[in-house]
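What follows is a set of notes on a single structure, which appears directly below.
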Amino acid sequence: MQMEVHHQISSRAKSLKLLQNLVDKHSSGRSCSSFGLSDSEISEFQNPEKWLNYFPPLAKEDLRAFGLGCDWRRSFVTTEINPFFDSFVKWQMRKLKSTGKIIKDVRYTIYSPLDDQPCADHDRASGEGVQPQDYTLIKMEVLSPFPAKLAPLEGRKVFLAAATLRPETMYGQTNAWVLPDGKYGAFEINETDVFIITERAALNLAYQNFSKIPKKPTCLVALTGHDLIGLPLKSPLSVNKVIYALPMLTILTDKGTGIVTSVPSDAPDDYMSLHDLKAKPAFRAKFGVKDEWVLPFEIVPIINIPEFGDKSAEKVCNDLKIKSQNEKDKLAEAKRLTYLRGFTEGTMLVGEYAGRKVQEAKPLIRNKLIETGEAIMYSEPEKRVMSRSGDECVVALTDQWYIIYGEEEWKKLAEDCLSNMNLYHDETRHGFEHTLSWLNQWACSRSFGLGTRIPWDPQFLVESLSDSTIYMAYYTVAHLLHNGDMFGGTTGPIEPGQMTDEVWDFLFCGGPYPESSKISSSILNKMKQEFEYWYPFDLRVSGKDLIQNHLTFCIYNHTAIMSKCHWPRGFRCNGHIMLNSEKMSKSTGNFRTLKQAIEEFSADATRYSLADAGDGVDDANFVFDTANTGILRLTKEIAWMEEVLAAKSSLRSGPPSTYADQVFENEINIAVKMTEQHYENYMFREALKTGFYDLQAARDEYRFSCGAGGMNRDLVSRFMEVQTQLITPICPHYAEYVWRDILEKDGFAVKAGWPMAGTPDLTLKSANKYLQDSIVLMRKLLQKQILGSKKANKKGAPVTTLTEDTLKGLVYVNEQFDGWKAECLRILQSKFNSQTRTFAPDKEILEALQNSPVGQDKDFRKTQKLCMPFLRFKKDEAIAIGPHALDLKLPFGEIAVLQENLDLIKRQLGLEEVEILSGTDPGALAKAGSLASLLNQNPPSPGNLTAIFLAK
């Protein structure tokens with residue numbers, strides 16, 4: 001068990017300071033009670049190390065109560081507080097740096113202004129996985145004379161700065177957009193330049209070296225969008241020498257700068273907004289827009305897109321019949337249709353790069369705009385990111401250490417590793433493949449918090465996702481290093497200082513024996529033996545939200561540091577957990593800790609409900625009713641076993657011999673095999689189903705099938721043992737009680753091993769399913785006749801005055817298809833690909849039917865009407881269940897199965913007389929008497945019997 005404690009602890013310590021202030025003001029201290037802490041204890045948590053000492057023992061206590069099977073000797077706490085783990089991380093970082101995997105660079109990164117350091121995924125309260133989004137910031141110069149509101153800016157170069165992802169479209173600008181009620185400011189960028197943008201954008205720029213005072217934006221004039229409407233602008237590349245700032249009501253000020261360039265030739269939103277301004281004088285008047293700012297400006301064709309022409313926005317808006325800028329859904333669809341195609345397939349029509357593909361011209365145009373000073377690079381978070389310290393993050397241009405994930409050769413190694421891993425679900429594999437496609441350099445250093453110092457630059461610490469990438473290897477030797485102390489502070493046979501890089505290389509990387517080491521050779525060899533025994537690890541279980549960082553980092557680092565024979569073999573990713581189909585939330589009261597669940601439901605009922613909560617990567621759903629049901633089912637099962645064992649002498653002795661015995665024994669074998677497979681795939685809900693629910697259903701069916709003869713003693717005993725062993729991983733406390741106190745077994749169930757089982761007989765299982773389905777069908781037919789339904793089914797005659805004691809049953813069976821049905825099946829067999837479960841084209845099947853003996857018959861036209869629906873039915877069945885659906889007969893004798901279970905059939909139907917007859921025997925057919933017509937209307941076929949009930 002690794003106790004991960006890093007920057008989160010420091011942030012939580014800040015939160016506890018706030019909580020302490022609340023307690024000082026409110027004597028009730030209700031906030032404290034939710035932590036299970038007294039008021040006096042809270043202040044101690046201002047020290048981050050208090051968290052390390054307080055919570056790990058509590059976690060261990062709760063997990064023990066839960067029944068976790070764990071080698072607690074290998075528990076450890078990370079960070080420099082643990083000198084052994086500190087040494088391990090420093091070795092790892094030096095190893096990466098020595099191979100060129102860590103570099104120092106100036107790059108954009110998500111950054112917390114409050115913490116004054118990069119904010120990696122695990123340092124975030126929200127926004128995990130969000131990356132910097134790069135824009136080109138177009139400098140649209142405000143032409144003089146300035147209006148009165150901008151008078152304080154006279155003598156400065158003032159720009160409306162618009163963030164764009166498509167700088168190549170700037171040739172087609174007809175205006176700029178501002179939000180009339182939006183809050184803007186004139187922010188000082190340097191001695192000469194002033195940008196009019198939102199405060200949020202100004203803060204991002206201040207952390208990217210675009211502010212006179214670094215990290216502190218200076219607002220010279222506070223403005224609203226109304227102040228900006230009508231400003232004349234000179235914008236880079238625009239065919240129009242002067243354009244104007246105009247109102248747009250749909251601008252979002254939490255994205256970009258709040259200033260938007262308008263290119264109506266290619267942007268549907270721009271096209272409709274300009275269209276509305278031109279077409280609606282009242283709209284212009286409302287915002288004081290003069291005609292000369294709008295009416296003279298026409299669409300400027302700049303890009304030709306196949307199928308959309310050189311005015312793609314106009315075309316798509318007309319095609320979708322968009323009438324107004326307020327039709328958001330249609331406009332979103334219009335953008336979807338044109339935006340990507342404009343970039344991937346468009347050709348430039350104007351400018352220096354006319355004739356070139358847009359995707360070729362874009363970087364060239366962007367670079368030239370930046371080189372000429374007409375634009376700058378700008379970056380901001382893709383979405384809102386909140387740090388654990390409580391502030392909204394920005395993007396900062398930082399000079400720090402980076403791990404070069406995404407480097408071409410290294411990425412190939414990671415992809416090679418991934419291709420050979422067992423990930424259990426396609427969705428998980430797609431998540432890793434997507435992450436590998438975009439993951440790039442990762443900031444691995446930060447300024448403060450808990451962690452390990454970067455060995456060559458100790459002013460920085462290793463951030464919390466970069467020091468936990470190969471710690472799975474550390475588990476293998478932790479117990480030999482720590483001497484029973486998870487903090488690594490207890491003196492033992494090894495000193496932290498003795499864990500040199502040469503020792504770590506020897507243990508984990510196949511390095512030479514460290515001759516200079518003072519650690520005894522027996523201990524060194526023991527540690528290496530431990531590592532070689534456990535590695536490569538077969539499985540790492542973690543949350544699906546960590547695919548985009550921690551788990552992908554794990555792959556990368558293993559491929560960089562260890563030999564291929566030690567690369568990871570498998571990840572099993574899970575979702576989060578819901579309670580009663582709703583998100584867990586303390587504020588709504590829909591919340592339980594593990595300890596609370598155990599106290600409310602017991603450990604095994606909690607585990608039972610968790611196993612039933614879901615097997616995929618979607619969020620699992622812990623349902624209270626399931627936990628309560630688990631308590632009842634487990635208790636009921638104990639009572640049943642006690643009752644049966646108390647009367648054990650009354651059970652049938654001797655080896656299993658009856659048909660019911662064979663079926664039940666086979667069901668036990670199937671349960672053992674299937675449950676083992678589900679556990680191996682970590683499909684706990686399926687394991688609970690096959691190893692508990694289905695097995696009990698088979699037991700109940702067996703109990704009824706045995707009738708007066710009773711159940712077999714040995715088989716019942718085996719059932720109890722097997723069921724106990726199959727449920728042990730899910731309900732260990734229950735299983736151990738049953739194993740020792742009820743079954744009176746020696747030792748522990750958990751150590752009893754997996755139960756032995758014979759090879760499942762799938763034919764026998766199919767035969768029993770046929771038997772049970774047939775009994776259900778016969779019961780339905782019988783009830784319809786007794787009730788005298790006017791709509792009696794075609795396999796029984798309506799009788800209105802009969803009861804079970806006045807009836808006898810005739811059950812007709814035809815064990816093999818013949819005639820035109822047999823011919824249809826032979827044709828389908830020849831036209832079916834069993835590997836792909838696909839058929840040849842219908843035309844080919846019909847031609848084969850026409851050329852067959854059936855097709856040559858003079859009555860084929862009449863027969864064909866029967867053949868076609870039969871062919872369709874059998875095709876669908878074969879696609880669903882496989883080629884055996886096309887067999888001419890079932891893999892078992894139907895008459896034999898029914899005859900052997902005739903006593904069961906009689907008991908189920910409540911009849912004293914039932915005969916099993918062949919549908920092809922004239923003598924048997926004669927027994928139907930006047931009801932023989934029913935057999936002609938609906939003759940029996942393989943798998944589908946016909947039952948007729950007559951008066952005795």
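What's counted below: heavy atoms across the whole structure, side chains too, no hydrogens, waters or symmetry copies. Note that the numbering runs from 1 along the sequence shown for the chain.
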Taking the six-membered ring for Trp, are H550 and Y471 parallel (under 30°), tilted (30 to 60°) or perpendicular (over 60°)?
parallel
Between F537 and H558, how do the two ring planes meet: parallel, tilted or perpendicular, split at 30° and 60°?
perpendicular
In this structure, CG of N669 is separated from CE of M756 (nearest 0.5 Å) by 10.5 Å
Looking only at heavy atoms, the pair that brings S585 and F591 closest together is O-CB, 3.8 Å
Single hit among Y535, F76, Y533 for ring-ring contact (aromatic ring centres under 6.0 Å, His included) with Y475
F76
Taking C-beta and beyond as the side chain, do L945 and L898 meet within less than 4.5 Å on heavy atoms?
yes
Value for CG (L715) from CD (E667), rounded to nearest 0.5 Å, stands at 11.5 Å
Please work out which of the three classes, parallel, tilted or perpendicular, describes the rings of Y405 and F553, given edges at 30° and 60°.
parallel
Are R592 and F622 in a cation-pi contact, defined as NZ or CZ under 6.0 Å from the six-membered ring centre and within 45° of the axis?
no
Side-chain heavy-atom pair D618, M578 within 4.5 angstrom cut-off
no
Which label fits F664 and Y702: parallel for a plane angle under 30°, tilted from 30 to 60°, or perpendicular past 60°?
parallel
Y608 to G630 - nearest heavy-atom pair and separation
CE2-CA, 3.4 Å
